[in-house]
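Chain naming here is simple, since letters A, B, ... match the order of the sequence lines and numbering starts at 1 in each.
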2 protein chains.
Amino acid sequence: MGYVSTIGSIDRVLAGLDSAEGIDDLQALSERIRDEYGITNVVYHWVNSNGDQYGCGTYSEAWVLRYLERKYVRIDPVILGCYQRFHPVEWKRLDWSSRAARGFLADAIEHGVGNQGYSIPIRGPNGQFALFTCNDSCDDATWADFIERNRRDMILLAHDFNRKALDLEPDRTPDRAVTLSPREVDALTLLAVGYSRAQVASTLSISEHTLRVYIESARHKLGAVNTTHAVARALQRGAIVV
Amino acid sequence: MGYVSTIGSIDRVLAGLDSAEGIDDLQALSERIRDEYGITNVVYHWVNSNGDQYGCGTYSEAWVLRYLERKYVRIDPVILGCYQRFHPVEWKRLDWSSRAARGFLADAIEHGVGNQGYSIPIRGPNGQFALFTCNDSCDDATWADFIERNRRDMILLAHDFNRKALDLEPDRTPDRAVTLSPREVDALTLLAVGYSRAQVASTLSISEHTLRVYIESARHKLGAVNTTHAVARALQRGAIVV
DNA sequence: TTGTCCTTCCCCAGATCAGGGGAAGGCGCG
DNA sequence: CGCGCCTTCCCCTGATCTGGGGAAGGACAA
């Protein structure tokens with residue numbers, strides 16, 4: 001990481017964001033951010049609830065293809081870690097202990113991804129999830145210093161980058177909000193914590209037949225094909241909280 | 001809204017956040033933010049889907065009690081609007097057309113809530129939801145100018161306020177990750193998108209018996225009592241991404 | 001007032017899942 | 001070179017879920 005003055009960078013970049021008119025501009029902008037801040041990579045990565053991915057950034061094409069091809073999204077500790085966290089996180093603090101994760105890391109570094117990174121999770125109303133990541137190759141102290149100085153900028157960039165990305169791709173918000181009835185929420189919530197149908201029915205003091213009506217109705221609303229699917233979608237969309 | 005210089009405010013406030021050690025400090029800090037920025041109210045409000053609420057801020061005690069007592073969370077257009085939005089929003093742009101909303105607004109203003117507001121939605125891994133709000137009584141142009149100048153500060157404050165609030169209330173954060181094997185991840189992931197066991201087995205090109213071993217093993221790791229439970233916990237912990 | 005949605009109840013048959021066994025080869029870590 | 005973990009295969013039975021039906025009262029909104 002070469003030393004680069006970042007004074008005013010955020011203003012220049014946000015001005016660029018304001019005038020962006022297409023995904024290509026965002027792509028160019030990620031490169032711009034990378035250069036303004038003197039780091040190796042800047043990436044905006046959208047992870048869709050059906051496994052679709054999309055994004056832009058400075059990773060090499062080879063790495064992006066490999067990532068998709070190997071379905072790394074399933075084991076990438078950055079994704080997994082951010083997915084269960086509220087706050088931005090430094091990569092070093094993620095869990096790299098599994099074999100799959102270590103293999104992934106080696107592969108990533110081989111493809112030009114830096115060993116240091118900082119990723120900001122961004123969430124939408126119905127479980128939509130995206131990541132804004134910056135990364136670099138340097139030692140821990142240098143990176144900690146960089147983050148210390150630029151954390152705020154990165155958070156603001158993540159916000160505005162995401163907003164612009166959504167403006168440009170309005171169909172990225174396909175999961176319409178589903179309103180489950182209170183009983184449907186009860187039913188799915190109890191199922192999600194492991195109750196069997198019989199247990200749920202007795203907990204809610206209704207017959208199992210009635211319970212099934214709720215589950216079916218919730219299933220239809222959620223576009224789910226079975227109970228497990230319905231619970232999964234309800235959780236993803238925040239329709240139930242366990 | 002009296003004119004107040006906000007230069008350096010963010011630094012002073014964030015320093016205060018760093019040293020906060022309890023919910024009382026956050027309460028004091030919300031007052032501090034209010035004064036630094038010269039507005040009427042600053043509020044951090046955690047909303048649980050089961051109706052639980054929690055937060056701190058400068059609203060009068062009378063208003064908070066009334067809000068809870070009347071279960072305003074169900075009709076508050078700020079909550080409703082932010083719940084389905086990605087980005088911070090000015091109150092004027094929300095939907096105040098329903099009668100309930102207008103009644104609510106009148107009641108709010110009567111209790112010292114400003115007519116102008118800016119609320120930032122904050123989301124967690126499993127639909128957790130909180131709001132960081134600043135509001136004031138002034139005309140549209142004055143408020144637009146205030147937001148224009150302080151939008152970035154508010155976003156950063158929302159982030160850090162939320163982080164601190166979660167630090168101080170660790171039970172609101174999710175459980176630690178479990179490391180599932182790649183096959184277990186495959187199995188649960190496909191189950192989560194609605195596949196039956198037979199479909200999963202054939203998709204993974206393994207026998208259904210083998211598949212069951214993975215599901216069982218994942219269940220044990222996750223401390224789940226059945227498949228649906230296992231999928232739910234895996235999702236919550238970010239062990240799988242669907 | 002009419003319609004839509006929520007809540008509750010009931011029947012049944014076939015498909016699916018859960019739970020308990022046991023056994024094999026492969027891989028990496030100490 | 002074990003030991004542990006991952007992967008793969010097989011047996012079985014009983015419990016559970018899924019897929020269609022139909023029916024009724026109450027709440028709330030247009």
Side-chain angles (χ1 to χ4, degrees), chain A residues 74-75 96-106 177-232 239-240, chain B residues 71 74-75 95 97-103 178-233 239-240:
Chain A
R74 302 227 185 287
I75 56 161
W96 296 92
S97 61
S98 84
R99 195 185 308 173
R102 284 197 307 273
F104 165 76
L105 180 61
V178 185
T179 43
L180 298 180
S181 77
R183 277 318 218 187
E184 287 160 357
V185 171
D186 292 342
L188 291 190
T189 303
L190 292 171
L191 289 171
V193 297
Y195 284 34
S196 71
R197 292 206 311 201
Q199 287 175 307
V200 174
S202 97
T203 303
L204 298 179
S205 305
I206 56 178
S207 81
E208 204 174 323
H209 312 281
T210 303
L211 173 67
R212 270 181 41 211
V213 177
Y214 298 140
I215 301 174
E216 294 272 295
S217 137
R219 276 220 334 262
H220 288 132
K221 286 185 184 176
L222 293 159
V225 299
N226 58 36
T227 303
T228 299
H229 194 193
V231 169
I240 63 174
Chain B
K71 300 203 192 325
R74 298 207 189 283
I75 56 159
D95 177 17
S97 61
S98 84
R99 203 168 70 183
R102 285 196 306 272
V178 195
T179 44
L180 298 178
S181 78
R183 277 320 218 186
E184 287 161 356
V185 172
D186 291 342
L188 292 190
T189 303
L190 292 172
L191 289 171
V193 297
Y195 285 35
S196 70
R197 294 207 308 201
Q199 288 176 307
V200 174
S202 96
T203 303
L204 298 179
S205 306
I206 56 177
S207 81
E208 205 174 322
H209 311 280
T210 303
L211 172 67
R212 270 182 40 213
V213 177
Y214 297 141
I215 300 174
E216 293 272 296
S217 143
R219 276 222 333 263
H220 289 130
K221 285 185 184 175
L222 293 160
V225 300
N226 59 36
T227 304
T228 299
H229 194 193
V231 168
R233 298 193 86 152
I240 62 173

Using a heavy-atom cut-off of 4.0 Å across all strands, would you classify B/Ser217 as base, sugar-phosphate, or nothing?
nothing
Give the nucleotide from the list D/dT7, D/dT18, D/dC9 with an atom nearest to the side chain of B/Ile206.
D/dC9
Taking OP1 and OP2 of C/dG20, is either one under 4.0 Å from a side-chain nitrogen or oxygen of B/Arg212?
no
Answer yes or no: does a side-chain N or O of A/Thr210 lie under 4.0 Å from OP1 or OP2 of C/dC9?
yes
Calculate the interatomic distance between B/Ile215 atom CD1 and C/dC17 atom C1'; express it in whole Å.
9 Å
Is there side-chain contact between B/Gln199 and B/Leu190, with heavy atoms separated by less than 4.5 Å?
no
Taking side chain as C-beta onward, heavy atoms only, is B/Thr227 less than 4.5 Å from B/Arg197?
no
Figure out the NE2/P separation between A/His229 and D/dT18, and round it to whole Å.
13 Å
In whole angstroms, how far is the P atom of C/dA18 from the CD atom of A/Gln199?
13 Å
Where each residue is assigned the nucleotide of DNA chain D containing its nearest heavy atom, which of A/His220 and A/Glu208 is assigned the position nearer the 5′ end?
A/Glu208
Let me know the distance between CG of B/Asn226 and P of C/dG20, rounded to the nearest Å.
13 Å
Closer to the 5' end of DNA chain C via nearest nucleotide, is it A/Arg102 or A/Ser205?
A/Ser205
side-chain N/O B/Ser196 vs C/dA15 OP1/OP2, d < 4.0 Å:
no
It should be established whether B/Lys221 places a side-chain nitrogen or oxygen under 4.0 Å from OP1 or OP2 of nucleotide D/dC5.
no
Among C/dC17, D/dC9, C/dG19, the one nearest any side-chain atom of B/Glu216 is C/dG19
Phosphate-side-chain proximity, A/Ser207 and C/dC9, N/O vs OP1/OP2 below 4.0 Å:
yes
Counting only side-chain nitrogens and oxygens, does A/Ser181 get under 4.0 Å of the OP1 or OP2 atom of C/dC5?
no
Any side-chain heavy-atom pair of A/Leu188 and A/Leu222 under 4.5 Å:
yes
Taking the side chain as every heavy atom from C-beta outward, state whether B/Val231 and A/Val231 have any pair of such atoms under 4.5 Å apart.
no
How many whole angstroms separate atom CG of A/Leu191 from atom C1' of D/dT18?
13 Å
Can you confirm whether A/Ile206 sits close enough to A/Arg183 that some side-chain heavy atom of one is under 4.5 Å from a side-chain heavy atom of the other?
yes
Whole Å only: how far is the CG atom of A/Leu211 from the P atom of D/dG19?
14 Å
Quiz item: B/Arg219 side-chain donor-acceptor pair to C/dG19 base, under 3.5 Å:
no
Under-4.0 Å side-chain N/O to phosphate OP1/OP2 contact, A/Arg183 with C/dC6:
no
Atom-to-atom span, CD of B/Glu184 to P of D/dC6 - whole angstrom
6 Å
Here the distance between atom C1' of D/dT7 and atom NE2 of B/His209, to the nearest Å, is 15 Å
Counting only heavy atoms not in B/Tyr195, do more than 12 fall under 6.0 Å of its OH?
no
